[in-house]
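Working notes, beginning with the structure itself.
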Amino acid sequence: MSETLANLLQENRRFEPPAALAEAANVKADAYTEADADRLEFWATQARRLDWTKPWDRILDWDNPPFAKWFVGGELNVAYNCLDRHVAAGNGDKVAIHWEGEPGDTRTLTYADLHKLTCQAANALTDLGVRAGDRVAIYLPMIPEAAVAMLACARIGATHSVVFGGFSVDALAGRIQDASAKVVITADGGYRRGKPSALKPTVDEAVAQSPTIEHVLVVRRTGEDVAWSDKDHWWHETVETAGEQHEAQPFDAEHPLFILYTSGTTAKPKGILHTTGGYLTQASYTQHAVFDLKPETDVYWCTADIGWVTGHSYIVYGPLSNGATQVMYEGTPDTPHKGRFWDIVDKYGVTILYTAPTLIRTMMKWGDEFPAAANLSSLRVLGSVGEPINPEAWMWYRKNIGHDNTPVVDTWWQTETGAIMISPLPGVTATKPGSAMRPLPGISADVVDDEGNSVPNGGGGFLVLREPWPSMLRTIWGDDQRFVDTYWSRFQGMYFAGDGAKKDDDGDLWLLGRVDDVMLVSGHNISTTEVESALVSHPSVAEAAVVGATDPTTGQAIVAFTIPRGSVDSEGDAGEALIKELRDHVAKTLGPIAKPRQIMLVPELPKTRSGKIMRRLLRDVAERRSLGDVTTLQDSTVMDLISDGMKSAK
Ligand code: 6R9
């Protein structure tokens with residue numbers, strides 16, 4: 001990229017933290033000063049929030065970059081830190097998980113319950129021959145057993161590889177084979193959109209292609225019939241009958257904790273490897289700092305799936321290491337009705353909510369009446385993750401969910417970073433709608449130009465991380481060279497995240513999406529994020545996805561796929577008038593260069609299971625090509641709807 005990224009959108013709104021929250025916040029402004037004074041000592045202090053059986057000799061070994069070792073020589077057990085120490089401190093009766101099944105069934109698990117189940121699962125896995133260092137694949141719906149399975153692996157030093165319950169046979173088999181997993185933990189199925197959705201048949205086919213699998217452990221959730229082989233064991237006959245005593249063994253700080261695959265742009269998914277001490281330190285500290293979590297009084301809810309890194313760090317390891325009480329929900333947000341999320345917040349008195357922009361925009365589309373019907377007054381901190389959050393979606397979230405006085409923390413991070421890297425602190429930062437603001441204490445993020453030079457305030461370029469951080473990925477499983485090539489070769493001595501960003505005049509950071517998505521229109525770099533935000537700032541628009549399509553005159557031309565808000569008439573002439581209005585609106589907001597060549601009104605957008613818009617597929621539609629790989633799509637019928645609309649458009 002020869003020029004800097006566009007720097008078009010202006011945002012002047014500011015929101016100070018509520019005084020009472022700032023006063024009582026877990027982390028105050030001095031954390032930045034402390035970390036600036038001695039970054040490594042700052043992280044050592046955060047590591048001491050955990051229980052170590054053996055202290056480390058050295059905080060960071062960066063003698064062989066980019067291969068980092070944190071807390072060298074230290075030993076700890078992750079499951080002990082998430083469970084045993086809370087029980088030992090007298091908090092065994094405290095609720096760890098308020099679980100809500102999609103059909104409305106519920107379970108309440110205390111820390112003592114979770115501890116007992118995890119010990120039983122650890123014993124059962126040991127009986128099945130699983131040893132420290134072995135890999136275990138987990139393919140489960142959002143049920144408490146998913147957390148138990150992960151913690152049981154951590155307890156015995158087995159490395160887990162969680163695969164999204166929505167992924168196909170090929171995706172599951174590929175991940176099992178890449179990691180040579182020995183055991184799969186799954187369920188007969190789970191509930192989605194009001195119906196049982198089977199998992200076991202997918203596992204059966206994947207296991208048939210995966211000779212390393214010796215055993216399959218099956219949780220009974222839906223009670224539907226399943227095929228059975230001699231490798232299969234029911235969870236309730238194996239785990240729930242196993243011994244309840246299990247002594248957690250300490251593991252080295254650099255012992256592999258989990259592998260999580262990211263799809264990326266190339267065919268073969270990358271197995272991102274995270275280890276023990278540094279990962280837990282940063283997951284635990286960021287949970288405490290970014291969400292201001294008070295384990296005695298808060299009820300926390302992260303709506304992510306456990307198959308996504310957000311589920312790993314902010315449903316399992318972050319909340320549980322802090323002794324939090326949390327809500328876990330199995331199903332979809334519109335089952336049985338579009339107010340389901342808000343009923344859950346109301347019912348459990350949720351105080352901290354962490355969700356994704358895609359969900360916020362979907363809720364905007366459905367209409368304000370759904371959140372208005374529930375009592376959301378318990379909420380005090382709102383979080384966002386997964387994509388850039390458009391300023392209007394941020395405002396809607398704050399106003400309609402956060403009763404106009406709740407801080408919104410937009411958290412930037414990746415599977416690779418393991419934990420949150422850039423985010424406001426809710427008791428410190430005066431936030432700007434749509435900005436992730438500053439790197440957290442102890443994190444050194446920057447925006448650089450093509451040559452790797454730091455850009456001045458007001459400039460745009462590539463987001464990089466200059467110093468190693470505790471929860472950084474250690475490598476790509478089985479492929480050190482690919483790790484070096486993918487992340488550490490674009491800029492000398494820096495980690496390149498693949499995202500574009502800009503610094504505003506105050507030096508605050510605005511994430512602009514993947515650099516692969518940046519458009520080049522008549523020689524100008526324009527970010528898809530900014531055009532999308534301009535569209536979403538129009539009152540008739542709920543959600544928009546923008547792509548650059550090849551154009552004979554401008555090189556690339558902007559094509560926008562736009563979902564109108566629920567109440568908007570977008571049929572026939574009204575639709576044509578709206579399209580004209582939206583093109584003019586973008587030109588007025590961002591400048592004529594950003595005016596879309598074409599705007600399509602569509603009912604849905606193609607998204608991955610974690611809610612990210614798949615612009616690659618929209619590019620295929622915009623350039624009238626046949627569609628590329630659609631296997632990671634959440635709902636494959638969406639593309640038919642969009643392609644049909646495209647054919648009928650002029
Ligand atoms: C946690 C997670 C990582 C990519 C990342 C970026 C995008 C995540 C964001 C954000 C803007 C935010 N992303 N959070 N972009 N603002 N607050 O999502 O991990 O699934 O690996 O995705 O998601 O593009 O590079 P992962």
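Just so it is clear, the values below take in all heavy atoms, side chains as well, and ignore hydrogens, waters and symmetry mates. Index from 1, following the sequence. Everything numeric in this text was worked out from a predicted model, so none of it was measured. Every number for a ligand or one of its atoms is a count from 1 in the order of the listing.
Applying the salt bridge (Lys or Arg N to Asp or Glu O under 4.0 Å) test to pairs two or more places apart or on separate chains, those with a residue in residues 416-437 are K432-D504, K432-D506, K432-D508.
Between the side chain of Y487 and the backbone N or O of R490 there is no donor-acceptor pair closer than 3.5 Å.
Put simply, CZ on R135 and CD1 on I259 are 6.5 Å apart, with the number rounded to the nearest 0.5 Å.
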In a simple table, one pair per line, please give the protein and ligand 1 atom names for every N or O pair closer than 3.5 Å, along with the distance.
{"residue": "ligand 1", "atom": "13 (N)", "partner": "G386", "partner atom": "O", "Å": "3.3"}
{"residue": "ligand 1", "atom": "14 (N)", "partner": "G386", "partner atom": "N", "Å": "3.1"}
{"residue": "ligand 1", "atom": "15 (N)", "partner": "P388", "partner atom": "N", "Å": "3.4"}
{"residue": "ligand 1", "atom": "16 (N)", "partner": "E387", "partner atom": "O", "Å": "3.3"}
{"residue": "ligand 1", "atom": "17 (N)", "partner": "D410", "partner atom": "OD1", "Å": "2.7"}
{"residue": "ligand 1", "atom": "17 (N)", "partner": "T411", "partner atom": "O", "Å": "2.8"}
{"residue": "ligand 1", "atom": "18 (O)", "partner": "K612", "partner atom": "NZ", "Å": "2.9"}
{"residue": "ligand 1", "atom": "19 (O)", "partner": "T415", "partner atom": "N", "Å": "3.4"}
{"residue": "ligand 1", "atom": "20 (O)", "partner": "W308", "partner atom": "NE1", "Å": "2.8"}
{"residue": "ligand 1", "atom": "20 (O)", "partner": "K612", "partner atom": "NZ", "Å": "3.4"}
{"residue": "ligand 1", "atom": "21 (O)", "partner": "T415", "partner atom": "N", "Å": "2.8"}
{"residue": "ligand 1", "atom": "21 (O)", "partner": "T415", "partner atom": "OG1", "Å": "2.6"}
{"residue": "ligand 1", "atom": "22 (O)", "partner": "K612", "partner atom": "NZ", "Å": "3.2"}
{"residue": "ligand 1", "atom": "23 (O)", "partner": "G386", "partner atom": "O", "Å": "3.2"}
{"residue": "ligand 1", "atom": "23 (O)", "partner": "K612", "partner atom": "NZ", "Å": "3.2"}
{"residue": "ligand 1", "atom": "24 (O)", "partner": "D499", "partner atom": "OD1", "Å": "2.8"}
{"residue": "ligand 1", "atom": "24 (O)", "partner": "D499", "partner atom": "OD2", "Å": "3.1"}
{"residue": "ligand 1", "atom": "25 (O)", "partner": "Q414", "partner atom": "NE2", "Å": "2.9"}
{"residue": "ligand 1", "atom": "25 (O)", "partner": "D499", "partner atom": "OD1", "Å": "3.2"}
{"residue": "ligand 1", "atom": "25 (O)", "partner": "D499", "partner atom": "OD2", "Å": "2.9"}
{"residue": "ligand 1", "atom": "25 (O)", "partner": "R514", "partner atom": "NH1", "Å": "2.8"}

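Checked options P433, S384, P357, S533; the residue passing with W394 is P433 (criterion: side chain to side chain contact (heavy atoms under 4.5 Å, CB included)).
H538 is linked by a ring-ring contact (aromatic ring centres under 6.0 Å, His included) to H585, counting only residues two or more places apart in sequence or in another chain. With sequence neighbours left out, W301 forms a ring-ring contact (aromatic ring centres under 6.0 Å, His included) with F341.
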